[in-house]
Amino acid sequence: MEKLEQIYEGKAKKVFKTDDENLYIVSYKDDATAFNGLKKGTIVGKGVINNKMSNMMMQLLEKHGVKTHYVKELSDRDTLVKKVSIVPLEVIIRNVSAGSFSKHYGVEEGIVFDEPTIEFSYKNDELGDPLLNAYHALALKLATKEEIETIKTMAFKVNEVLTEYFKGLNIRLVDFKLEFGRLPSGEIVLADEISPDTCRLWDLTTNEKLDKDRFRRDMGGVEDAYNEVMKRLTSK
Ligand code: ADP
Ligand code: UDP
C-alpha cells in the first residue's frame, strides 16, 4: 500500500490517503510538542518507537475484544489504519495523581486512586483543549449519549488490559489519553496512538519517569526513557 496525497500534518504524525478510500497511512515523526505547541523539540527515534509501541498496544487490545483502527504496520514509521471520523474528545484515564490533576486539585503526584478516573477535553487546539463533561459534549453535539457510554466502557477496558500488561514490564500506567473514531458503519473504534507521548509510565520500583514528562519538564534522558520502554516491550 502506497502513501498518496497527504491530508493532514499534526504535531506528531502525518496522515496520508491510500488507493483504498477506507484506509489511511499514518506516519510517525520525531517532532515533540508540549503545552499546546508552545514548547517544540525533537526526540530522536521517537517516531519509530511510538509507531511500534502503538501497534503492539492496538493488537493486544484487539485480542482482548477492543475494536481499534489498526490494520497493518508497513514500516518503521508507517502504519495502515482504518479511516475514521475522529470524535473530537480527548479521553483521559488516570490511576495515579499527576500532571494537570495534581495542579487543578492541589495534590502531590503519585497518589494511587482506589478507582480509575475518566475525564474529557474538547479536542480543539484553538481553544487549548478545554476540559468538559459528558453533558457539555452532548450540548456541543460532539458525540451522542450512546457513543459517550461506549467510549467510557471501552476506555476503562483499555485501562484494565494495559495496566495489567505494563505491570508485567515493571511499569506503572499512571494516566493516558485516548481518541476514538467512527467507522462508516457508525461503529466506535479506538484510534490515534498509545505511546510514551500519550501515557505516563513510571518504573514500578523506582518511580522513574519513562515518558514525555522528561521532555515537558526538561529532565534530560528523554531518548533513553523511550528506548527503555521499547526494550521492555520487545524483551517480553
Ligand atoms: P495532532 O492533530 O493533535 O497534532 P497528530 O500529529 O498525532 O496529532 O496527528 C494525527 C491526527 O490524525 C490526529 O488529529 C488524530 O486525531 C488523527 N487520527 C488518528 N487516527 C486516525 C484515523 N484512524 N483516521 C482518521 N484520523 C485519525
Ligand atoms: N495527554 C496527551 N495529549 C494531550 C493532553 C494529555 O496525550 O493533549 C496525556 C498525557 O501524556 C498524560 C495524560 O494525557 O499521560 C494526562 O495529561 P494531563 O491532563 O495531566 O495533562 P498535562 O500534564 O500533560 O498537561
Side-chain angles (χ1 to χ4, degrees), residues 6-18 20-40 46-47 50-51 54-55 58 67-72 77 79-105 107 109-110 116-131 155 158-159 162 166 171-184 187-202 209-217 225-226:
Q6 179 179 309
I7 56 150
Y8 181 77
E9 175 159 8
K11 298 183 288 288
K13 303 191 283 300
K14 295 177 182 176
V15 183
F16 297 88
K17 283 188 177 175
T18 67
D20 183 330
E21 63 170 1
N22 293 311
L23 300 176
Y24 279 162
I25 292 173
V26 291
S27 189
Y28 286 72
K29 308 187 287 181
D30 286 353
D31 300 356
T33 63
F35 315 117
N36 201 21
L38 240 55
K39 182 180 170 78
K40 288 195 176 70
K46 169 173 89 80
N50 286 9
N51 181 39
S54 197
N55 293 341
M58 296 286 174
K67 294 280 196 312
T68 80
H69 72 164
Y70 176 77
V71 178
K72 188 173 186 261
R77 288 177 187 272
T79 291
L80 191 64
V81 297
K82 291 177 190 160
K83 167 184 172 180
V84 298
S85 146
I86 291 284
V87 177
L89 290 174
E90 300 205 333
V91 181
I92 293 171
I93 297 273
R94 302 176 190 272
N95 298 302
V96 179
S97 65
S100 69
F101 183 94
S102 289
K103 209 172 150 215
H104 282 144
Y105 303 116
V107 295
E109 297 200 309
T117 67
I118 190 165
E119 73 209 39
F120 303 109
S121 15
Y122 180 17
K123 191 174 150 62
N124 183 320
D125 282 339
E126 269 164 44
L127 299 176
D129 297 341
L131 266 175
V158 169
N159 186 45
L162 295 190
F166 280 112
I171 288 173
R172 189 195 300 281
L173 180 59
V174 169
D175 58 29
F176 56 93
K177 182 268 298 177
L178 300 175
E179 291 181 28
F180 293 85
R182 303 176 187 95
L183 294 175
E187 188 184 11
I188 296 281
V189 297
L190 178 63
D192 206 49
E193 67 176 280
I194 299 176
S195 72
D197 273 14
T198 64
C199 302
R200 285 197 170 92
L201 305 168
W202 296 357
K209 295 187 198 311
L210 301 172
D211 57 58
K212 197 170 137 187
D213 270 346
R214 302 200 77 90
F215 168 78
R216 292 190 190 97
R217 302 178 187 187
Y226 280 70

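Numbering of ligands and ligand atoms starts at 1, following listing order. Along the sequence shown, the residues carry numbers beginning at 1.
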Quiz item: Closest non-hydrogen protein atom to atom 18 (N) of ligand 1, residue and atom name please, with distance?
Solution: I86 CD1, 3.7 Å

Quiz item: When you look at K83 and V15, which way does the side-chain contact (heavy atoms from CB on, under 4.5 Å) test go after all the steps?
Solution: CA-CA 10 Å; K83 167 184 172 180; V15 183; over 6 Å; no

Quiz prompt | Atoms of ligand 2 close to C199 [distance to a heavy atom under 4.0 angstrom, numbered from 1] | solution = 15 (O)

Quiz item: Counting heavy atoms only, which part of A34 comes closer than 4.0 Å to ligand 2: side chain, backbone, both or neither?
Solution: neither

Exercise. For D129 and N36, run side-chain hydrogen bond (donor to acceptor under 3.5 Å, both in side chains): C-alpha distance rounded to whole Å, both residues' side-chain angles, the deciding distance at 0.1 Å, then the answer.
Key: CA-CA 8 Å; D129 297 341; N36 201 21; over 6 Å; no

Exercise. Name the closest protein heavy atom to atom 11 (O) of ligand 2, giving the residue it belongs to and the distance to 0.1 Å.
Key: R216 NH2, 2.8 Å

Quiz prompt | Residue pair R182, I188: steps toward the side-chain contact (heavy atoms from CB on, under 4.5 Å) verdict | solution = CA-CA 5 Å; R182 303 176 187 95; I188 296 281; 4.0 Å; yes

Quiz item: Do N55 and Y70 have side-chain heavy atoms sitting under 4.5 Å apart?
Solution: yes

Quiz item: So do K46 and F215 actually touch side chain to side chain, heavy atoms under 4.5 Å?
Solution: no

Quiz item: Any idea which of F180, Y8, Y70 brings a heavy atom closest to atom 11 (C) of ligand 1?
Solution: Y8

Practice problem: Check whether any side-chain heavy atom of H104 lies under 4.5 Å from a side-chain heavy atom of L131, and answer yes or no. | Solution: yes

Quiz item: Hey, are the side chains of R172 and N95 touching, using non-hydrogen atoms and a 4.5 Å cut-off?
Solution: no

Quiz prompt | For atom 3 (N) of ligand 2, the protein heavy atom that lies nearest, with its residue and separation | solution = K177 CE, 3.6 Å

Quiz prompt | Atom indices of ligand 1 within 4.0 angstrom of V81 heavy atoms, with elements | solution = 23 (N)

Quiz item: Which of these, D192, V15, L183, has its nearest heavy atom closest to atom 13 (C) of ligand 1?
Solution: D192

Practice problem: Do me a favour and list the nearest non-hydrogen protein atom to atom 8 (O) of ligand 1 with residue, atom name and distance? | Solution: K11 N, 4.1 Å

Quiz item: Hey, does K212 sit under 4.0 Å from ligand 2 if you only count heavy atoms?
Solution: no

Quiz prompt | Sub-4.5 Å side-chain heavy-atom contact between Y28 and S195 | solution = no

Quiz item: Going by the order shown, which atoms of ligand 1 are within less than 4.0 Å of some heavy atom of A12?
Solution: 5 (P), 6 (O)

Self-check item: Protein heavy atom at shortest distance from atom 16 (C) of ligand 2
Solution: R200 NH1, 3.6 Å

Self-check item: Minimum-distance protein heavy atom relative to atom 24 (N) of ligand 1
Solution: V84 N, 3.1 Å

Practice problem: With side-chain contact (heavy atoms from CB on, under 4.5 Å) as the test, would you mind laying out the steps for T68 and V189 before giving the verdict? | Solution: CA-CA 5 Å; T68 80; V189 297; 5.5 Å; no

Self-check item: Distance from atom 18 (P) of ligand 2 to nearest protein heavy atom, with residue and atom
Solution: S100 OG, 3.3 Å

Quiz item: Measuring from the heavy atoms of D197, does anything fall under 4.0 Å of ligand 2?
Solution: yes

Quiz item: Which residue, D211, D197, N50, forms the side chain to side chain donor-acceptor pair (under 3.5 Å) with Y226?
Solution: D197

Self-check item: The single option from I194, I92, V158, V91 passing side chain to side chain contact (heavy atoms under 4.5 Å, CB included) against F176
Solution: V158

Exercise. Give the residue and atom name of whichever protein heavy atom lies nearest to atom 7 (O) of ligand 1, and the separation in Å to one decimal.
Key: K13 NZ, 2.5 Å

Exercise. Around atom 15 (O) of ligand 2, find the nearest protein heavy atom and jot down its residue, atom name and distance.
Key: D175 OD1, 2.6 Å

Exercise. Among all protein heavy atoms, pick the one closest to atom 14 (O) of ligand 1 and tell me residue, atom and distance.
Key: K123 NZ, 3.5 Å

Quiz item: Side chain, backbone, both or neither: which part of I92 comes within less than 4.0 Å of ligand 2 when only heavy atoms are counted?
Solution: side chain

Quiz item: atom 16 (O) of ligand 1: which protein heavy atom is closest, and how many Å away?
Solution: E179 OE1, 2.6 Å

Practice problem: Begin with the C-alpha distance, continue with both residues' side-chain angles, and end with the deciding distance and a verdict on salt bridge (charged side-chain N to carboxylate O under 4.0 Å, His left out) for D30 and R77. | Solution: CA-CA 10 Å; D30 286 353; R77 288 177 187 272; 2.9 Å; yes

Quiz item: Under 4.0 angstrom from ligand 2, any heavy atom of K103?
Solution: no

Quiz item: Y24 to ligand 1: N or O pair under 3.5 Å?
Solution: no

Quiz item: Of the protein's non-hydrogen atoms, which lies at the shortest distance from atom 8 (O) of ligand 2, and what is that distance?
Solution: E90 OE1, 3.0 Å

Quiz item: Nearest heavy-atom pair of R216 and A34: which atoms, and what distance?
Solution: CG-CB, 3.7 Å

Quiz item: G99 heavy atoms, cut-off 4.0 Å: which ligand 2 atoms fall inside?
Solution: 20 (O), 23 (O)

Self-check item: Minimal non-hydrogen separation, R94 against S100, with atom names
Solution: NH2-OG, 3.1 Å

